J.: 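Following this message is one structure expressed as structure tokens.
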Number of protein chains: 2
Amino acid sequence: MKVKNIKNNFRSDCPISSALDLFGDKWSLLIIRDLVYFGERTFKDFSGAAEKISSARLSDRLCKLEALKLLNKLNHPTNKKVFLYSLTPKGMDLFPVIAEYVKWSNRYLNEHIAEPAKQFAKNLEADREGTLNQFMKQ
Amino acid sequence: MKVKNIKNNFRSDCPISSALDLFGDKWSLLIIRDLVYFGERTFKDFSGAAEKISSARLSDRLCKLEALKLLNKLNHPTNKKVFLYSLTPKGMDLFPVIAEYVKWSNRYLNEHIAEPAKQFAKNLEADREGTLNQFMKQ
DNA sequence: ATATTTGCTTTCAAATCGAAAGTAATATTA
DNA sequence: TAATATTACTTTCGATTTGAAAGCAAATAT
């Protein structure tokens, strides 16, 4: 796949619009989410997530996120055709963004969201620092 | 404009994907951003932002965000053809999400972003609670 | 040796997008 | 008060992005 120069194509010098230019689509943060939660994932693992990303889109997003150095792609230790994706520190630093989405959704989409997420949101509200650190130190 | 039932069309019961389903496009958070910063904006004001949203897209997004009750649309006190958009508490509660994007971009896109945003990020890093409260109490 | 699995790529119709022009109602200017 | 300008949109249309499905090659499992 060709990943054309994603940077140097920003709409403005605003940090918010620039972040959205890089990973402000409907899939990138869900890939990051899976990696925060599971640590490592394969192509097939990502494909299995509830949102049902198509393989074309998944392939495209993994390439872009790797090009942005938000994730690492490593060989599986025993299976040559499988790759293991994981977060770089740069990618892991998106976790606080994700956490704020969780808090907002817990407040305003509460009846719609899954029970474990509600608990996570509750922990975040009670002790943000601690809950984030729990995930972010490795 | 017709705003078709935006809810009941979620990809999953995940709070992150659900939030992205509602306003995970490249423009919605920038509209919220302008309203956090300026309090009130007109259609023309939004059009003037550096990212140069097209009028068709702006019209569409304002409708959707109003339908989601993230913003209010009020008549201008003296000019009948102008409307004043502002944030509801539900919309204002997206500010912490925005703030985390700012922090991330300040870390990883630092040389690209504008100086005032860098200062804001610095304040956030030094005193998150205080900096957020400064904006969020009206 | 054959079948299956994995991580993709290709194809294609449909949805979404940006750019530009158009419109209708109001407000300003001459 | 008649002409001009402004505002908040809507319309149109070609280009880009998307999702769904099928295809594929290499590696693994049977």
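Every chain is numbered from 1, with letters handed out A, B, ... down the list of sequences. Quantities reported herein were computed from a predicted structural model and do not represent experimental measurements.
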J.: Round to the nearest Å and state the distance from A/Leu65 atom CG to C/dC8 atom P.
T.: 13 Å
J.: Which one, D/dA8, C/dA20, C/dT26, comes nearest to the side chain of B/Ala56?
T.: C/dA20
J.: Is there a donor-acceptor pair under 3.5 Å between the side chain of B/Lys90 and the backbone N or O of A/Tyr108?
T.: no
J.: Just the rounded figure in Å: distance from P of D/dA8 to CG of B/Asp60.
T.: 17 Å
J.: Taking the side chain as every heavy atom from C-beta outward, state whether A/Thr42 and A/Leu84 have any pair of such atoms under 4.5 Å apart.
T.: yes
J.: B/Lys44 near the nucleic acid: base, sugar-phosphate alone, or nothing, with a heavy-atom cut-off under 4.0 Å?
T.: sugar-phosphate
J.: Any side-chain donor-acceptor pair under 3.5 Å between B/Glu40 and B/Ser86?
T.: no
J.: To the nearest Å, give me how far apart CG (A/Leu58) and P (D/dT17) are.
T.: 18 Å
J.: Select one nucleotide: of D/dC9, D/dT7, C/dC8, the one nearest the side-chain heavy atoms of B/Lys73.
T.: D/dC9
J.: Report the distance from atom NE2 of A/His76 to atom P of D/dA26, rounded to the nearest whole Å.
T.: 21 Å
J.: Closest approach to the side chain of B/Lys81, judged atom by atom: which nucleotide of D/dA8, D/dT6, D/dC9 is it?
T.: D/dT6
J.: Rounded to whole angstrom units, what separation is found between the OH atom of B/Tyr85 and the P atom of D/dA8?
T.: 8 Å
J.: Specify the separation, in whole Å, of atom CZ of A/Phe43 and atom P of D/dA26.
T.: 18 Å
J.: By the 4.0 Å heavy-atom rule, please label A/Lys26 as base, sugar-phosphate, or nothing.
T.: nothing
J.: Any side-chain N or O of B/Trp27 under 4.0 Å from OP1/OP2 of C/dC17?
T.: no
J.: Which sits closer to the 5' end of DNA chain D, A/Lys80 or A/Lys52, going by the nucleotide each is nearest to?
T.: A/Lys52
J.: Base, sugar-phosphate, or nothing: which does B/Ser47 touch, judged by heavy atoms less than 4.0 Å apart?
T.: nothing
J.: Is there a donor-acceptor contact under 3.5 Å from the side chain of B/Thr88 to the main chain of B/Leu70?
T.: yes
J.: Side chain of A/Asn106, backbone of B/Pro15: donor and acceptor closer than 3.5 Å?
T.: no
J.: With sugar-phosphate meaning primed atoms plus P, OP1 and OP2, does A/Arg61 contact a base, only sugar-phosphate, or nothing at under 4.0 Å between heavy atoms?
T.: sugar-phosphate
J.: For the side chain of A/Arg57, counting heavy atoms from C-beta on, which of D/dG19, C/dT6, C/dA25 is nearest?
T.: D/dG19
J.: Which part of the nucleic acid, if any, lies within contact of B/Asn79, taking any heavy atom under 4.0 Å across all strands shown: a base, the sugar-phosphate backbone alone, or nothing?
T.: sugar-phosphate
J.: Step by step, work out the side-chain contact (heavy atoms from CB on, under 4.5 Å) result for A/Arg61 and A/Arg57.
T.: CA-CA 6 Å; A/Arg61 288 309 184 280; A/Arg57 221 47 46 209; 3.5 Å; yes
J.: Measuring to OP1 and OP2 of C/dA19, would you say a side-chain N or O of B/Ser54 lies under 4.0 angstrom away?
T.: no
J.: May I ask you to verify whether the side chain of A/Thr42 and the base of C/dT6 hold a donor-acceptor pair under 3.5 Å?
T.: no
J.: Could you tell me, to 10°, how much the axis swings from one end of the helix from C/dA1-D/dT30 to C/dA30-D/dT1 to the other, five pairs per end?
T.: 10°
J.: Using whole Å, report how far CG of A/Leu62 lies from C1' of C/dC8.
T.: 10 Å
J.: Tell me, yes or no, whether the heavy-atom count around B/Lys80 atom NZ, taken from other residues, nucleotides or ligands under 6.0 Å, exceeds 12.
T.: no
J.: Quiz question: by atom type and distance under 3.5 Å, do the side chains of B/Ser17 and B/Ser12 form a donor-acceptor pair?
T.: yes
J.: So does B/Ser55 get a side-chain nitrogen or oxygen closer than 4.0 Å to the phosphate oxygens (OP1/OP2) of D/dC9?
T.: no
